[in-house]
Every structure is written in C-alpha cells, then in structure tokens.
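Only one structure is covered here, and it is reproduced in the block below.
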2 protein chains.
Amino acid sequence: MPKLGMEPIRRAALVKAAIAEIGETGTLDVTVSQIAKRAGMSSALAHHYFGGKEQIFLAAMRHTLAVYSAEVRGALGMATSPLARVEAVVKSSFSHMNFRQDVVAAWLNFYVLAQTSEEAKRLLNVYQLRLRRTLGHALRPLVGDRAPAVAARIAALIDGIYLEQSLGYQPASSEGAFDLIMDYVALEVDRGCSA
Amino acid sequence: MPKLGMEPIRRAALVKAAIAEIGETGTLDVTVSQIAKRAGMSSALAHHYFGGKEQIFLAAMRHTLAVYSAEVRGALGMATSPLARVEAVVKSSFSHMNFRQDVVAAWLNFYVLAQTSEEAKRLLNVYQLRLRRTLGHALRPLVGDRAPAVAARIAALIDGIYLEQSLGYQPASSEGAFDLIMDYVALEVDRGCSA
DNA sequence: TTTTCTTGATTGACGAGTCAATAAAAAACA
DNA sequence: TGTTTTTTATTGACTCGTCAATCAAGAAAA
C-alpha cells in the first residue's frame with residue numbers, strides 16, 4: 001500500500017481529526033487512538049509522524065491560528081477604509097470557518113493547553129499581540145490615541161463571545177456577534193461631542 | 001482520632017484544595033490523590049465524602065460561584081445610584097477574592113467541564129443569566145432600551161479579560177480591568193448627542 | 001535491496017473507585 | 001458508674017481499566 005510522500009497528507013489528516021475530536025469531546029482528554037482512527041490510520045502511525053500527543057495538539061493549534069490569520073489577511077486586503085479594516089478583522093473572527101462549534105471548542109482547550117505548555121502559551125500570545133496590533137493600526141485614524149484601549153476592548157469582546165459560544169446555548173449568530181462589536185466601535189468613532 | 005461532624009470540614013477542605021490544585025496545575029487533569037493529599041487526607045476519604053472526582057469539581061465550582069455571588073450581593077447592597085450598582089458588579093468581578101490566579105484558572109476549566117457535564121453547564125448558565133439580569137436592571141435608568149445589549153457587552157468583556165488573565169502574562173491589574181470596562185460604560189451613558 | 005510506510009502486539013505506568021479492617025467517639029445499657 | 005454496642009471517621013491495599021509510547025516485523029515502492 002505504501003505510497004510515497006504520505007507524511008504531509010497524514011499530518012494534515014491528523015490535525016483535522018484532532019480538531020474534530022476535541023470539538024466533539026470538548027476536552028483535550030482525547031486519546032491518540034481516537035484521533036488516529038478518525039484520521040484513518042493506526043495510533044502507532046500518529047506517534048510516528050508527530051512523536052507525541054502534545055505535538056499533535058500544538059500542530060492543530062498552529063493550523064487553527066494559521067487559518068484564522070489567512071482569513072484576516074485576505075479580508076484586510078480588500079478593505080479600503082480604516083473602518084473597513086476593523087470590520088474585516090471582526091468579521092473574520094466570526095466567519096463560518098472560525099466560529100464553528102468544534103473550532104471554538106478547540107480554542108477554549110488551547111487556552112487550557114497554554115496553562116501547561118510553554119509553546120502553546122507562546123502561540124496564543126502571538127495571536128493576542130497580532131490582533132491588538134492590527135486593530136490598533138486600523139483604529140488610529142478613527143479614534144487617535146484611544147486606539148490601543150479600543151483594540152484591547154475589541155479583543156476582549158471577541159474572546160468573551162467565543163467563551164459564551166463554547167457553552168453552546170442558543171448559538172449566537174455570526175451577524176449578532178459582528179453587530180455587537182461594531183456598534184461599540186461606532187460609539188467610539190462618534191464620540192468627541194461631549195467632552 | 002475520629003471527631004464527630006467532620007463531614008462539612010472535610011468537604012470544605014477538599015473544595016479549597018481542588019481549586020488550589022486546579023489553579024496550580026492549570027488543568028482538570030489532577031488526581032483525586034493530589035487533591036486529597038493537599039487537603040490532608042487519604043484519597044479514599046475524598047471518595048467517601050464526594051463519591052467521585054466530577055462531584056468534587058462541581059462542588060468547587062458551586063463554591064466559586066457562591067463566593068462571587070456573595071461579593072456581588074454585598075457590593076450591590078451599598079450602592080445608592082444606578083451607576084454605583086454597575087460599578088459594584090464590575091468591581092466584584094475583579095476583586096482580590098475572585099481575580100486571583102488560581103480562581104481564574106478554575107473558571108477557565110469550569111468552562112471546559114461544562115462541555116461534558118450538564119450540571120456544570122447549568123451552573124455556568126445560571127451565572128451568565130444572573131449577571132446579565134443584574135447588569136440589565138442597573139443599566140436601564142442609564143441607557144434605557146439599550147440596557148440588554150450593554151449588559152451583554154460588559155459580560156463579554158469580563159469573560160474576555162478573565163481569559164487573557166488566564167495566560168498570566170503581565171497580570172492585568174484589577175484597577176486596569178475595572179477602568180477598561182467603566183470607561184466603556186461612561187461612553188454609553190454619555191451618548192445621545194450625535195443621533 | 002534499500003528506503004518509506006504501516007500496524008498489531010506489548011509494555012509500563014498511572015489513576016479512579018472499592019473494600020475490608022481499624023479506631024475512636026457516642027449512645028445504650030447494666 | 002462501668003460495659004457493651006452502635007455510629008462515624010479513616011485508611012492501606014487492591015482491582016480493574018485505560019492509554020501513551022515502543023518495537024519488531026511486514027508490505028510496497030524505488
């Protein structure tokens with residue numbers, strides 16, 4: 001059976017299966033066997049390609065982060081105004097690709113993983129910083145010096161909405177989440193008439 | 001040795017130890033033995049009083065929720081204005097009692113627990129709904145019909161800040177978190193001069 | 001025949017939950 | 001009062017299952 005160049009295919013399958021499995025179980029408490037089985041191979045092969053469970057998780061995390069980043073970059077590329085840039089970032093955060101039940105569950109568990117894995121913590125920090133930086137730049141023309149504070153608030157809102165979504169009661173729609181945040185942004189942009 | 005009426009003492013010790021252990025490990029992946037040892041007893045006794053690991057977790061969660069609720073209630077009791085009521089809720093969320101490293105880690109893991117335990121999910125929902133209701137009532141005199149939306153945003157901000165705090169980089173100060181949210185509230189209260 | 005894939009079987013560790021047995025207080029009793 | 005019995009508290013030792021990680025061996029390309 002062995003076909004050549006299987007490594008990248010197997011790795012991708014395992015990463016995808018890991019996210020699906022974490023999403024379905026809601027926990028990092030999934031066995032390598034479960035992941036491997038879902039990916040259509042033996043657990044031994046999973047160990048062969050990744051070395052260990054944690055490294056599968058980290059790869060899944062990098063993948064999730066990469067998908068998100070790519071979507072943000074793509075959306076930013078089409079934005080022509082500062083406000084559109086903010087909208088691009090926010091909209092990407094709640095796109096069908098990223099706001100799915102299993103992906104949200106994976107995010108939640110990555111935060112837990114970051115409690116014990118330095119590498120996971122590093123990855124999450126890269127994400128956090130980049131999000132703030134991107135939002136901050138986009139906001140500068142709109143709110144001036146308040147940009148960092150507004151960016152921090154938007155980031156916290158995104159994380160908070162993800163957390164609520166993870167509970168899965170009445171799944172907040174992507175549009176609802178988007179509006180919730182952009183209404184706040186509008187408020188910040190419109191300020192300046194009272195002070 | 002056996003002294004009578006140990007049950008409540010043991011249960012309290014186990015709950016406290018569970019939170020500390022979860023906080024230190026950052027995971028629900030703690031053994032009953034670890035918790036029991038920290039609480040100064042054998043693992044058999046922990047099983048005797050609680051029946052199983054999950055029930056220890058749920059008790060720890062109820063305790064965390066109860067401490068938080070008590071603090072909110074206390075702070076609300078001293079508030080005389082609507083704005084003071086909002087401040088009371090927000091300030092309680094970031095008090096020394098509730099914003100501690102281990103307690104925040106426990107919260108994070110309770111969200112994970114809620115993925116698999118119906119009871120945990122129920123408890124978190126009670127918390128979410130009560131928080132929104134309390135904030136909504138306090139906000140009504142300040143922002144009128146926008147109260148539910150503003151309450152939802154505040155709730156998301158609180159959760160998001162907790163999530164960031166769980167990463168433990170440069171621990172956001174309680175005051176910083178408080179200001180971050182109350183600045184937003186002020187913005188909502190001041191609105192109405194542009195539309 | 002060398003390299004790349006692949007797995008079944010195994011190992012070794014760990015941990016949840018059970019149980020029988022001990023110890024001390026309290027209650028019942030003589 | 002002194003003695004027995006019952007209740008409450010407590011644990012060491014054990015069972016049973018699970019799972020990460022390893023390895024030797026097989027199968028198919030190159």
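A, B, ... follow the sequence lines: proteins, then strands. Residue 1 opens every chain. Note that the structure is a prediction, hence the values are computed from the model and not measured.
Rounded to an integer number of Å, the gap from NZ of Lys37(A) to C1' of dT18(D) is 15 Å. When the C1' atom of dT8(D) is taken as reference, atom CD1 of Ile9(B) falls 13 Å away, rounded to whole Å. Taking atom CZ of Phe57(B) as the reference point, atom C1' of dG15(C) lies 12 Å away to the nearest angstrom. Distance NE2 (His48(B)) to P (dT18(C)): 12 Å, rounded to an integer number of Å. The NE2 atom of His47(A) sits 6 Å away from the P atom of dA20(D) (whole-angstrom rounding). Across the protein-nucleic acid pair, Glu7(A) atom CD and dA29(D) atom P stand 19 Å apart, rounded to whole Å. The distance from atom CZ of Phe50(A) to atom C1' of dA20(D) is 16 Å, rounded to the nearest whole Å. Rounded to whole Å, the distance from CG on Leu28(B) to P on dG15(C) is 15 Å.
In terms of position on DNA chain D, the residue among Ser43(B) and Gly5(B) whose nearest nucleotide sits closer to the 5' end is Gly5(B).
With distances taken from any side-chain atom of Leu4(B) to the nucleotides dA26(C), dT6(C), dA29(D), the minimum falls on dA26(C). Looking at the side chain of Met41(A), the nearest of the listed nucleotides dT7(C), dA29(D), dT8(D) is dT7(C). Comparing dC23(D), dA16(C), dT11(D) by their nearest atom to the side chain of Ala44(A) picks out dC23(D). Considering only the side chain of Met6(B), dT10(D) comes nearest among dG17(C), dT10(D), dA30(D). Comparing dA29(D), dT11(D), dA21(D) by their nearest atom to the side chain of Leu45(B) picks out dT11(D).
No cation-pi contact links Arg153(A) to Tyr184(A), judged by a cut-off of 6.0 Å to the six-membered ring centre and 45° from its axis.
Counting non-hydrogen atoms under 4.0 angstrom, Tyr49(A) reaches the backbone sugars and phosphates but no base. Counting non-hydrogen atoms under 4.0 angstrom, Gly51(B) reaches nothing in the nucleic acid. Residue contacts shown for Thr31(A) are limited to sugar-phosphate atoms, with no base heavy atom under 4.0 Å away.
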Just do the ring-ring contact (aromatic ring centres under 6.0 Å, His included) check on Phe57(B) and Phe110(B) with the steps written out, would you? CA-CA 8 Å; Phe57(B) 287 158; Phe110(B) 290 156; 7.9 Å; no
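Ring orientation note: the planes of Tyr127(B) and Tyr68(B) are nearly perpendicular, at an angle over 60° on the 30°/60° scale.
Considering only heavy atoms from C-beta on, Leu14(B) comes within 4.5 Å of Met41(B) through its side chain.
Between Asp102(B) and Ile19(B), the shortest heavy-atom distance links the atoms CB-O, 4.2 Å.
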